[in-house]
Amino acid sequence: MEARELLVDGIDQMTDWLDGAIKGLTNEQVNCLPQGQTVSIGFNAWHVIRTADNITNFVLQDRKPPVWIEKGYADRMGLPKVDQARGMGMEDARALKFDNAALRDCLADVRQGTLDFLKVVPTAKLDEVQMIKPLGEMSKWKVVRQVIMTHGFMHLGEINGIKGQLGLGFFI
């Protein structure tokens with residue numbers, strides 16, 4: 001088995017689990033704000049989707065426009081075109097509202113684009129080193145594994161924690 005197969009499998013699993021975790025939720029549930037310094041289920045899902053989209057397209061494919069812009073999701077959801085939540089203040093993050101159907105549509109498009117890219121990108125390209133702010137230089141395969149996959153699973157845990165607070169079951 002090569003690194004590509006592991007990355008494809010991991011991204012497929014993470015995005016499948018993310019979709020399963022938000023599938024069937026009402027917009028009220030997706031936008032519920034738990035007490036404390038945390039954000040909504042929708043914000044967590046949006047952040048994972050936007051990060052995967054930006055990394056796959058803009059970063060790894062030499063500034064290719066993200067699905068978020070190309071397919072009009074920013075306008076459709078009335079959300080920031082460029083932001084993906086990194087560095088956003090808590091008050092601003094908690095003020096954003098999400099439409100679950102649109103989130104799931106965007107997730108499906110980003111998932112497909114990410115998997116399509118990973119299935120054909122030359123292995124040598126994945127070994128190239130890339131600067132990722134604020135993390136520093138790392139190979140492109142590590143960017144996928146760490147910034148998209150591992151990061152996505154971390155936020156999936158947050159989503160499931162919020163679902164537990166709402167009296168809803170976890171999804172795995």
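All heavy atoms count here, side chains included; hydrogens, waters and symmetry mates do not.
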Check: So, for P80 and W68, which heavy atoms are closest and what is the spacing to 0.1 Å?
Finding: O-NE1, 2.9 Å

Margin query: Run the side-chain contact (heavy atoms from CB on, under 4.5 Å) test on I22 and R104 for me, step by step, so that the C-alpha distance in whole Å, both residues' side-chain angles and the decisive distance to 0.1 Å come before the verdict.
Written below: CA-CA 8 Å; I22 64 175; R104 291 188 65 229; 3.5 Å; yes

Check: Same cluster or not: are V110 and V121 linked, directly or through other Ile, Leu, Val, Met, Phe, Trp or Tyr residues, by side-chain heavy atoms under 4.5 angstrom apart?
Finding: yes

Check: Considering only heavy atoms from C-beta outward, does the side chain of N44 approach that of H47 to under 4.5 Å?
Finding: no

Margin query: Once salt bridge (charged side-chain N to carboxylate O under 4.0 Å, His left out) is applied, do any residues pair with D109, and if so which ones, sequence neighbours excluded?
Written below: K71

Margin query: Please give me the minimum heavy-atom distance between I162 and S40, naming the atom from each residue.
Written below: CD1-C, 4.0 Å

Margin query: Taking side chain to side chain contact (heavy atoms under 4.5 Å, CB included) as the definition, give me every residue that meets it alongside F153, ordered by chain and number, with sequence neighbours left out.
Written below: Q13, M14, W17, M149, L156

Note to self: Measuring only between side-chain heavy atoms, which start at C-beta, is N57 closer than 4.5 Å to V67?
What the structure shows: yes

Check: If you group Ile, Leu, Val, Met, Phe, Trp and Tyr by side-chain heavy-atom gaps below 4.5 Å, do V59 and L135 land in one group?
Finding: yes

Note to self: Any heavy-atom pair between the side chains of V39 and M90 that's under 4.5 Å?
What the structure shows: yes

Notebook entry, point to check: Are L107 and F171 joined in one hydrophobic group, where the rule is that I, L, V, M, F, W and Y side chains link up if heavy atoms are under 4.5 Å apart?
Noted result: yes

Check: According to a 4.5 Å side-chain heavy-atom criterion applied to Ile, Leu, Val, Met, Phe, Trp and Tyr, with indirect links allowed, do M154 and I132 form part of one hydrophobic cluster?
Finding: no

Margin query: Closer than 4.0 angstrom, basic N to acidic O: yes or no for K81 and D75?
Written below: yes

Checklist line | CG-CG distance between D99 and D105, expressed to the nearest 0.5 angstrom | finding: 8.5 Å

Check: Any donor-acceptor pair under 3.5 Å linking the side chain of R50 with the backbone of V82?
Finding: yes

Notebook entry, point to check: Is there a path of hydrophobic side-chain contacts, each under 4.5 Å between heavy atoms of I, L, V, M, F, W or Y residues, that connects V8 with I11?
Noted result: yes

Next item on the list: Looking only at non-hydrogen atoms, find the nearest pair between T114 and A52 and report the distance.
Entry: OG1-O, 4.2 Å

Next item on the list: Identify the two heavy atoms, one from M88 and one from D92, that lie closest to each other, and give their separation to 0.1 Å.
Entry: CG-CB, 3.8 Å

Next item on the list: For N27 and N31, test the side chains for any donor-to-acceptor distance below 3.5 angstrom and give the result as yes or no.
Entry: no

Check: Does the R4 side chain pair with the main chain of L118, one donor and one acceptor, at a distance under 3.5 Å?
Finding: yes

Item checked: Point-to-point distance, once rounded to the nearest 0.5 Å, from CG of L168 to CG of N160 -> 10.0 Å

Item checked: Reported CG-to-CD distance for the pair L96 and E91, which is rounded to 0.5 angstrom -> 11.5 Å

Next item on the list: Indicate the ring-plane relationship of H151 and H155, choosing parallel, tilted or perpendicular according to the 30° and 60° boundaries.
Entry: perpendicular

Note to self: With ring pair (Phe, Tyr, Trp, His ring centres under 6.0 Å) as the rule and sequence neighbours excluded, what pairs involving residues 122-143 come up?
What the structure shows: none

Next item on the list: Would you give the length of the straight line joining atom SG of C106 to atom CZ of R111, rounded to the nearest 0.5 angstrom?
Entry: 13.5 Å

Next item on the list: Write down the atom of A21, the atom of K163, and the distance for their closest heavy-atom approach.
Entry: O-NZ, 2.9 Å

Margin query: Would the distance check show the side chain of Q146 and the main-chain N or O of V143 forming a donor-acceptor pair, the cut-off being under 3.5 Å?
Written below: no

Next item on the list: Under the side chain to side chain contact (heavy atoms under 4.5 Å, CB included) rule, collect the residues that match up with D9, sequence neighbours excluded.
Entry: none

Note to self: With a 3.5 Å distance limit and no angle check, can you tell me whether D16 reaches the backbone of D12 through a side-chain donor-acceptor pair?
What the structure shows: no

Next item on the list: Indicate the atoms forming the closest heavy-atom contact of G24 with N100, along with that distance.
Entry: N-ND2, 4.5 Å

Check: Listed by chain and number, what are the salt bridge (charged side-chain N to carboxylate O under 4.0 Å, His left out) partners of R94, not counting sequence neighbours?
Finding: none

Note to self: Strictly below 4.0 Å, N to O, side chains only: are K140 and D127 in salt-bridge contact?
What the structure shows: no

Margin query: Show me the pairs that pass ring pair (Phe, Tyr, Trp, His ring centres under 6.0 Å) and involve residues 69-127, at least two apart or across chains.
Written below: W46-F98

Next item on the list: Report the distance from atom CG of L7 to atom CG of L126, rounding to the nearest 0.5 Å.
Entry: 6.5 Å

Notebook entry, point to check: Between the side chain of Q61 and the main-chain N/O of T56, is any donor-acceptor distance below 3.5 Å?
Noted result: yes

Margin query: Please report the interatomic distance CE(M77) to NZ(K97), rounded to the nearest 0.5 Å.
Written below: 15.0 Å

